[in-house]
Amino acid sequence: MTHLDGNAVAGDLAAIFTGDLSGAVATCAGCGVTGPVATVMVYEGMGEVLRCPDCDTVLLRLMRVAGETRLDMRGVSLLRWQSAA
Amino acid sequence: MGTTRGFFRRRSGDDERLPPGQYLERGFPVLSAGPTPHVPLDQWDFSITGSLSEERSWTWDEFLALPREDFTVDIHCVTTWTKLDTQWTGVSVDTLLDGVELEGGYLTALCDGGYTTNLPVEDVTGGKAWVVYQYDGEELEPEHGGPARLLVPHLYFWKSAKWVRRLIFTDEDEPGFWEQLGYHDRGDPWLEQRYQGD
């Protein structure tokens with residue numbers, strides 16, 4: 001199964017964080033590498049699974065059920081993005 | 001009257017084999033939560049550990065030497081496809097547990113790549129679950145879980161963990177990869193147990 005890149009979830013993350021996060025920078029809790037959210041690996045199916053492109057650690061899991069959004073970010077040790085002016 | 005290309009006529013009785021909310025799939029869709037692992041068979045092993053009277057482990061060759069079963073079952077994915085009459089070869093979990101006394105009521109299937117799923121013991125014993133290594137008479141393709149996957153066909157297919165390497169028996173039901181996010185702990189397709197609370 002091939003994966004997509006982080007741009008595939010830009011709209012979903014924008015709905016949660018009320019802003020475009022594709023330019024945000026995430027630090028992987030597994031290997032410590034830091035990179036743009038747009039470059040992560042995205043696997044879609046039962047939910048959306050974002051993985052570190054360097055070590056495969058699950059950075060973030062996103063699922064919607066019964067009108068509720070569920071976000072598990074245990075694989076992201078730090079998320080940085082530019083604040084609105 | 002012929003069928004239009006891409007459409008298939010349902011056989012009599014198929015509808016009765018479709019759990020609620022499912023459609024009939026002729027292909028074999030691939031769903032993965034991560035990259036496909038490729039473990040060399042000489043480095044592969046399978047084990048049962050945790051709350052049981054005797055932990056056991058098998059190499060690939062030892063696993064192939066266990067009594068095998070050929071069987072045909074329907075499979076049901078929570079993303080709403082059902083595939084009928086899939087043919088598998090593998091080892092019954094009953095065979096793996098033969099002579100072992102279980103001390104807990106649950107297990108977690110642990111896979112290459114870190115995927116986990118939780119199950120009650122009663123759903124993998126009594127001829128209801130296998131560790132399979134052949135599909136349709138051929139080696140199980142890596143994208144479908146090869147070299148070996150768990151197969152629990154009476155539950156939604158996310159319970160049939162791909163690339164399974166260990167069954168960890170536990171006293172408590174410990175939610176797995178998708179169950180932590182809200183998918184059902186048991187996942188009976190005939191009861192539409194897709195999410196917690198269903």
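Only heavy atoms go into these numbers, but all of them, side chains included; no hydrogens, no water, no symmetry mates. Letters A, B, ... are given to chains in the order of the sequence lines, protein chains preceding strands, and every chain is numbered from 1.
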Colleague: Side chain, backbone, both or neither: which part of Val58(A) has an atom under 4.5 Å from a heavy atom of chain B?
Modeller: side chain

Colleague: Between Asp85(B) and Arg17(B), is there a salt bridge with N-O shorter than 4.0 Å?
Modeller: yes

Colleague: Heavy-atom distance under 4.5 Å to chain A: side chain of Val78(B), backbone, both or neither?
Modeller: side chain

Colleague: Are Asp56(A) and Arg51(A) within salt-bridge range, i.e. N to O under 4.0 Å?
Modeller: no

Colleague: Picking from Cys77(B), Gly113(B), Pro35(B), Pro29(B), which has the most non-hydrogen pairs under 4.5 angstrom with chain A?
Modeller: Pro35(B)

Colleague: Could you tell me whether the side chains of Glu101(B) and Ser53(B) share a donor-acceptor contact shorter than 3.5 Å?
Modeller: no

Colleague: May I ask you to check whether Trp130(B) and Phe71(B) place their ring centres under 6.0 Å from each other?
Modeller: yes

Colleague: Tell me whether the rings of Trp88(B) and Phe28(B) are parallel (<30°), tilted (30 to 60°) or perpendicular (>60°).
Modeller: perpendicular

Colleague: Quick check for you: among Arg194(B), Glu143(B), Gln180(B), which has the greatest number of heavy-atom pairs under 4.5 Å with chain A?
Modeller: Gln180(B)

Colleague: With chain A as the partner, which of Thr36(B), Leu31(B), Leu181(B) has the greatest number of non-hydrogen pairs under 4.5 Å?
Modeller: Leu181(B)

Colleague: Any donor-acceptor pair under 3.5 Å linking the side-chain atoms of Asp123(B) with those of His154(B)?
Modeller: yes

Colleague: For Thr79(B), which atoms come within 4.5 Å of any heavy atom of chain A: side chain, backbone, both, or neither?
Modeller: side chain

Colleague: Just give me the residue among Leu71(A), Val65(A), Leu62(A), Thr57(A) that pairs up with chain B most often, heavy atom to heavy atom, under 4.5 Å.
Modeller: Val65(A)

